[in-house]
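Comments concern the structure below.
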Protein chains: 2
Amino acid sequence: MAKIVIVEDDVFLREELQNIVEKEGYSVESISSFDTPVEDIMAAEPSLILLDLNLPNLSGFQICRALKARGIGPILVLTSRNQLRDELHALELGADDYLTKPCHPKRLIARIQKLQHLYANMHVLLDAGDFQLDERTNMLYAGRNSISLSENEGMIMKLLVTRAPAVVSKEELFNQLWGSSEYVDENILQVNMTRLRKTLGEVGLSNRIKTVRGVGYQLVDGESG
Amino acid sequence: MAKIVIVEDDVFLREELQNIVEKEGYSVESISSFDTPVEDIMAAEPSLILLDLNLPNLSGFQICRALKARGIGPILVLTSRNQLRDELHALELGADDYLTKPCHPKRLIARIQKLQHLYANMHVLLDAGDFQLDERTNMLYAGRNSISLSENEGMIMKLLVTRAPAVVSKEELFNQLWGSSEYVDENILQVNMTRLRKTLGEVGLSNRIKTVRGVGYQLVDGESG
DNA sequence: ATTAACTCTTACAGTTGGTGTAAGGATTGA
DNA sequence: TCAATCCTTACACCAACTGTAAGAGTTAAT
């Protein structure tokens, strides 16, 4: 049966949720340490994440965004914060549903099943907010535009998207693209970056790759131009 | 922009909804006659349906079920019925989200955008039983094998799969592939069939394309060999 | 069995897109 | 100002896709 990961710092709520969900036949794994929640969630390979918003260290919002950029989901946010702007923010960052505590168990289960069903029929796209990347086919979807990236372009984009907003080192790019960081000619990476930037420009995604001098490259937001 | 169909019998509410949605840039079509709502909705080819539950004649539940059986969606139920069992029932019948009136416009818009985003990323896989074909990317999934078909191969497979178990005429294949049935050299089709058969063999799908002499080609089951 | 219609296979060449190399120009920051 | 770093453009090679050509193989009716 599918595995649900519960991300909730309140022990009592966590166990209550676990009971509800296990009664329905799902296996459950709870995150109890909140030092590296994103890594812990990914390691569990969940088929659904039940996510609280008020957490120690990293907020639920940040976790939400990080998971979606890594193609992890679906995410059901379950929180006591009933402010509309929290809901809007969570949905905007990629949450797939938003429920407020207290929540009737049957409603929770129904929403969980809905999302499971939906995701069974879905592309698993890496979500970067205003565009999405299919890492299997290297298709990039930006609004109503879509374009097929080449292998190199796709691999670079995958690294940029999954690491965002962090900087991806040149060394890692070389490792992933050419199997070694002991490269002879650094220029080939620059050429491929130029080509990728040009391709992105063709679908309206200009100035999205920032160069970090001496280090590597970084995916940045498109709003501020 | 995407077209939203509003199914709501209260004129006042309908116009209010229409304002909210149009302000967001969507085009709107409202169902005002409720004699044949399902047919009317389908005729509008909506990219999303905003559905009330309390309607004359056919109930929202029935409409929901009928649309989902026809592959139409997404459906966002917006109703004043705040009973949990109504929500569970609607979700069970295929509704993709369930909101209760009164609903803040921003919440409604956020949920609409969420569903649009979800549905835009759905796999549309043609299912042939023991293998699937993605007609957008020409990816063919056979068990744990997957392979990328060329344009010609993909088009031929699409025709064979969607028409199966019927025979696809050579004329139709020529029309779809080369834009005309007044072909000069019939051989090119045969060459492409040979190539496709070879490609299918590489993922364990041998002897699946049967030649119907003088007519065309046909996708057949693989079991009997 | 014969034969004409139909189908399959293989080889070849043109086109296209992806990739790496090379060379020189532009930018950055001390 | 100047050296390190980065960007851009042009060129050539390679692989994949496609259509053409030629000949071999198969089918079904006589």
Side-chain angles (χ1 to χ4, degrees), chain A residues 137-140 146-158 160 167-203 206-220, chain B residues 137-140 146-158 160 167-203 206-220:
Chain A
T137 62
N138 289 327
M139 287 290 285
L140 188 145
S146 72
I147 196 169
S148 176
L149 302 181
S150 73
E151 282 300 314
N152 282 358
E153 289 173 330
M155 177 58 82
I156 297 172
M157 277 309 285
K158 177 184 167 184
L160 289 175
V167 179
V168 183
S169 70
K170 289 185 288 183
E171 186 181 352
E172 180 167 11
L173 287 163
F174 270 100
N175 274 325
Q176 292 295 326
L177 281 157
W178 295 282
S180 166
S181 63
E182 300 175 1
Y183 42 85
V184 183
D185 188 359
E186 186 169 359
N187 179 243
I188 182 58
L189 179 56
Q190 298 166 0
V191 172
N192 275 277
M193 296 309 296
T194 295
R195 287 171 179 158
L196 176 55
R197 281 170 169 151
K198 187 181 168 209
T199 303
L200 293 182
E202 289 171 6
V203 291
S206 302
N207 303 108
R208 298 301 297 276
I209 299 177
K210 182 182 163 193
T211 304
V212 180
R213 199 175 174 84
V215 181
Y217 299 87
Q218 179 186 23
L219 190 70
V220 296
Chain B
T137 61
N138 288 327
M139 287 289 285
L140 187 143
S146 72
I147 196 169
S148 176
L149 302 181
S150 72
E151 283 300 314
N152 282 357
E153 289 174 329
M155 177 59 83
I156 296 173
M157 277 310 284
K158 177 184 167 183
L160 289 175
V167 179
V168 183
S169 70
K170 289 184 289 184
E171 187 181 352
E172 181 167 10
L173 287 163
F174 271 100
N175 275 326
Q176 293 295 326
L177 281 158
W178 295 282
S180 165
S181 62
E182 301 174 2
Y183 42 87
V184 184
D185 187 358
E186 186 170 357
N187 178 244
I188 182 59
L189 179 56
Q190 298 165 0
V191 171
N192 275 277
M193 295 309 294
T194 296
R195 287 169 178 158
L196 176 55
R197 281 169 169 150
K198 188 182 166 208
T199 303
L200 292 182
E202 290 171 7
V203 289
S206 302
N207 304 107
R208 299 300 299 273
I209 299 177
K210 182 182 162 192
T211 304
V212 181
R213 199 177 170 84
V215 182
Y217 299 85
Q218 179 185 22
L219 190 69
V220 295

#### Entry: Side-chain donor/acceptor contact of A:R213 with base of D:dA4 under 3.5 Å
yes
#### Entry: Minimum-distance nucleotide to B:R195 side chain [options: C:dT7, D:dT18, C:dT10]
D:dT18
### Query
Does A:N187 make a side-chain donor-acceptor contact with the base of D:dT8, cut-off 3.5 Å?
yes
### Query
So, is B:Y217 close to the C:dC8 phosphate, meaning a side-chain N or O under 4.0 Å from OP1 or OP2?
yes
### Query
Do we see a donor-acceptor contact under 3.5 Å between the side chains of A:N175 and A:E172?
no
### Task
Could you tell me whether the phosphate oxygens of D:dC6, OP1 or OP2, come under 4.0 Å of any side-chain nitrogen or oxygen in A:T211?
no
### Query
OP1, OP2 of C:dC6 versus side-chain N and O of B:K170: anything below 4.0 Å?
no
### Query
OP1 or OP2 of C:dG20 less than 4.0 angstrom from a side-chain nitrogen or oxygen of A:W178, does that happen here?
yes
### Task
Verify the contact: side-chain N or O of A:K198 to OP1 or OP2 of D:dT9, cut-off strictly under 4.0 Å; return yes or no.
no
### Task
In whole angstrom, give the distance that lies between atom CE of B:M193 and atom P of C:dT10.
16 Å
### Task
Ignoring backbone atoms, establish whether A:S150 has a side-chain N or O less than 4.0 Å from OP1 or OP2 of C:dT19.
yes
### Query
To the nearest angstrom, how far is A:I188 atom CD1 from D:dA12 atom P?
17 Å
### Separation of C:dT19 C1' from A:L196 CG (nearest whole Å)
14 Å
### Task
Round to a whole Å and report the spacing from CG of B:N192 to P of D:dT20.
11 Å
### Task
Tell me what A:E153 touches on the nucleic acid: a base, only sugar-phosphate, or nothing, going by heavy atoms under 4.0 Å.
nothing
